[in-house]
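A quick write-up on the structure given underneath.
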Amino acid sequence: MKKEKSTFGWIMEFAGEKRKFYIFSVICAIIGAVSQIIPFLAAAHIVEKLLSGDMNFQGYLTDFIIMAGAWIIRILFHAFSTATSHVATFSVLANIRKRGLLKMERMALGDIQSRGSGNLKNILVERIDSIETTLAHMIPELSGNLCAVLTALILLFAVDWRMALVSLITFPVGMLCYMGMMIGYEKNYQRTVRATKNLNDTAVEYIGGIEVIKVFGKAKSSYEKFVAATKEGAASYVEWMRKCNVYFTFAMNIMPATLITVLPIGGLFVRNGSLPVVDFIFVTILAMGLITPILNCMAFSDDLAKLNTVIGEVTSIIGAEEMSRPKETQVQPKNRTIELNQVRFGYHEKEVLHGIDLTFKEGTVNALVGPSGGGKSTIAKLIASFWDVKSGSICIGGVDIRRLPAEKYHNLIAYVSQENFLFDDTIRENIRMGRLSATDAEVEQAAKDCGCWDFIMELENGFDTVVGSGGGHLSGGEKQRICIARAMLKNAPIVILDEATAYTDPENEAIIQASVAKLVQGKTLIVIAHRLSTIVDADQIVLVNQGNIEGVGSHKELLKKSPLYQKLWNAHISSKDSLCGGVKDV
């Protein structure tokens with residue numbers, strides 16, 4: 001079995017070429033840590049000379065200069081250490097985000113959707129940002145403090161091993177208190193992680209759905225949900241800290257209190273002549289600075305836990321299963337005919353397609369119809385390569401799409417779904433994303449063909465109007481027509497429209513259908529529609545129900561042989577008649 005990589009191993013991998021900055025940072029931190037011991041030595045030397053009655057001012061001045069120089073060296077090397085560690089850290093954060101986003105390109109859309117946009121955004125933005133301080137300071141400072149502790153201990157043992165042990169007596173006592181503080185650590189820490197995630201997801205949901213919340217009068221209940229998540233987020237920390245306060249207070253006051261043991265025991269050693277006064281003073285001075293670096297190291301325990309958690313979340317994305325696609329292939333599709341052979345597919349453990357066999361011939365118009373939840377959109381998305389089939393195969397021109405490079409296959413597909421998304425950019429650039437090399441004239445012609453021209457020209461800045469985040473400055477129908485224009489501009493040989501005219505009014509729907517009919521000539525078109533009157537002229541209508549194909553044929557053929565299609569058609573006609581009657585009454 002492949003051994004899992006440690007958190008530190010991942011950090012070094014993410015650091016890449018910048019890992020040498022971390023190494024330099026640690027070296028600087030160690031030099032700074034060693035230099036902070038020098039003032040203690042100088043102070044001990046000064047005391048020794050005072051006790052001996054030395055009145056040479058020049059000698060004292062030299063000691064003071066050494067102390068000042070050591071202090072300056074410590075400050076400078078601490079600055080060097082921090083600066084270089086920040087350079088490496090920002091490289092780590094950038095590489096983590098790049099790796100995460102590149103990985104998402106190769107993941108199945110279903111996996112991405114199951115994680116939730118709020119959760120992914122939280123991990124790749126806020127959670128990664130939260131470890132910046134930890135990475136930039138922990139690696140050099142932890143190394144430096146550990147080095148300071150070791151240096152101080154070596155000096156103490158070199159002077160008098162008994163006093164070295166005496167100076168450490170308060171440490172195990174304080175550690176017992178610290179261990180009490182760690183009771184239930186994993187449980188409490190995981191609660192804060194869950195509460196923080198829930199708070200972020202709830203905030204994203206609340207802000208993103210504020211329009212629906214207000215329209216349907218759910219502001220109170222939705223706000224209460226947000227408030228509950230906020231209170232749980234705060235309580236998870238407050239209650240944890242309350243449990244730790246007593247232990248923390250004792251630990252942080254007992255461990256640094258080295259003089260409680262050093263002074264009386266050292267005094268006894270001096271009295272019986274087993275410890276020189278000078279050594280006693282040196283040990284006393286050094287012992288006062290011994291525990292502080294240890295406490296600084298212990299202070300990183302929470303940061304280490306957070307770092308492990310965040311790296312674990314990041315690597316859960318980076319290590320996710322990828323769609324199986326080659327980078328290059330010598331196999332070329334013979335045509336643009338699409339074939340589904342015994343396709344089975346499910347979300348998690350639930351199978352939703354049960355051995356589908358279908359053929360969409362090149363240059364034909366095909367419609368997928370049927371009750372909601374029957375599997376129409378799933379078939380379309382499998383053809384668009386949003387997922388890999390669980391079993392069976394989907395072929396284009398006789399070639400399994402899993403044998404084609406992802407980019408090459410995606411260039412063959414233009415897909416417009418019910419859930420339209422526009423980038424926070426101009427209308428012109430949103431349409432141009434269908435084909436980045438398109439000229440302004442081609443972009444504008446695509447807009448005319450899809451019935452977008454009139455409403456675009458009525459906007460303040462025309463094609464240069466910024467649509468806002470997710471296209472929020474436009475109506476649903478306007479966003480949909482721009483997405484269709486983008487798909488048409490792509491000029492792909494296979495076009496998939498997943499209820500693409502759902503939000504358009506009858507007048508614009510007729511314009512779009514006419515433009516689609518013109519623009520998809522010679523292409524393979526797959527349409528998912530609930531309004532059956534829009535697909536009566538399709539070359540092939542596929543009736544999908546509960547993950548199975550219940551009928552294939554023309555509109556007239558299905559009306560004759562399929563009771564379910566007859567039921568759907570009658571329901572559609574009845575709803576149209578009722579709507580028209582209601583309009584006339586008004």
Side-chain angles (χ1 to χ4, degrees), residues 27-78 81 141-176 178 250-299:
I27 293 172
C28 290
I30 291 173
I31 294 173
V34 172
S35 65
Q36 74 182 10
I37 302 296
I38 294 175
F40 290 100
L41 300 175
H45 189 233
I46 290 172
V47 173
E48 180 183 1
K49 289 193 291 185
L50 286 172
L51 292 174
S52 65
D54 187 349
M55 293 302 198
N56 182 11
F57 177 76
Q58 187 64 36
Y60 289 107
L61 181 61
T62 302
D63 288 325
F64 287 132
I65 291 174
I66 291 173
M67 293 175 71
W71 180 80
I72 292 172
I73 289 172
R74 178 184 178 278
I75 296 299
L76 288 176
F77 277 89
H78 176 75
S81 174
E141 290 182 17
L142 190 61
S143 304
N145 282 304
L146 285 174
C147 184
V149 171
L150 290 173
T151 304
L153 282 174
I154 290 171
L155 289 172
L156 284 171
F157 275 100
V159 173
D160 191 290
W161 65 270
R162 299 170 304 169
M163 291 305 298
L165 294 176
V166 167
S167 66
L168 292 174
I169 289 176
T170 58
F171 180 72
V173 177
M175 278 303 297
L176 288 175
Y178 191 82
F250 279 102
M252 294 301 108
N253 283 279
I254 291 175
M255 273 193 282
T258 53
L259 295 184
I260 291 177
T261 56
V262 169
L263 289 177
I265 297 175
L268 288 175
F269 290 157
V270 171
R271 183 176 180 181
N272 62 27
S274 63
L275 180 68
V277 174
V278 173
D279 290 349
F280 174 55
I281 294 172
F282 175 75
V283 169
T284 302
I285 293 173
L286 200 57
M288 286 191 293
L290 176 64
I291 300 299
T292 300
I294 297 177
L295 294 177
N296 290 337
C297 292
M298 293 169 59

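For the pair T284 (side chain) and F280 (backbone), a donor-acceptor distance under 3.5 Å is present. In this structure, N145 contributes its side chain and E141 its backbone to a donor-acceptor pair below 3.5 Å. Listed for the S81 side chain is no donor-acceptor partner under 3.5 Å among the backbone atoms of C28. Side-chain atoms of T261 do not come within 3.5 Å of backbone N or O of S167 as any donor-acceptor pair. Proximity of a side-chain donor or acceptor of T62 to a complementary backbone N or O of Q58 within less than 3.5 Å is detected.
Note: L286 CG to L41 CG = 7.0 Å, rounded to the nearest 0.5 Å. Note that CD1 of I38 and CG of D63 are 12.0 Å apart. Values are rounded to the nearest 0.5 Å. Note that CG of L263 is 11.0 Å distant from CG of L268, once rounded to the nearest 0.5 Å. Taken from CG in L168 to CG in L156, the straight-line distance is 7.5 Å, to the nearest 0.5 Å. Atoms CG and CD1, from L76 and I31 in turn, are 11.5 Å apart once rounded to the nearest 0.5 Å. To the nearest 0.5 Å, atoms CD1 (I281) and CG (L50) are separated by 9.0 Å.
I265 places none of its side-chain heavy atoms less than 4.5 Å from the side chain of R162. Contact of the V283 side chain with the V166 side chain is not registered, since no non-hydrogen atoms from C-beta on lie closer than 4.5 Å. In this structure the side chain of V34 never reaches within 4.5 angstrom of the side chain of R74, judged on heavy atoms. Inter-residue side-chain proximity for C147 and T151 is flagged as met; some heavy-atom pair is nearer than 4.5 Å. At a threshold of 4.5 Å between non-hydrogen side-chain atoms, the residues I37 and L155 count as touching. Side chains of F157 and L165 form a contact here, defined as non-hydrogen atoms less than 4.5 Å apart. No side-chain heavy atom of F77 sits under 4.5 Å from any side-chain heavy atom of I30. Looking only at side-chain heavy atoms (C-beta outward), D279 and D160 stay at 4.5 Å or farther from each other.
Of all heavy-atom pairs between M67 and A42, the closest is CG-CB, 3.2 Å. Closest non-hydrogen pair, P276 versus V270, comes out as O-CG2, 4.4 Å. Smallest separation of non-hydrogen atoms from A70 and P39: CB-CD, 3.9 Å. The two residues Y178 and M252 come nearest to each other via the heavy atoms CD1-CE, 4.4 Å. When all heavy atoms of A148 and Q36 are compared, the closest pair comes out as CB-NE2, 3.3 Å. The shortest non-hydrogen separation linking S35 to I73 is CB-CG2, 3.9 Å.
Around the CZ atom of F250, the shell of radius 6.0 Å holds no more than 12 heavy atoms that belong to other residues, nucleotides or ligands.
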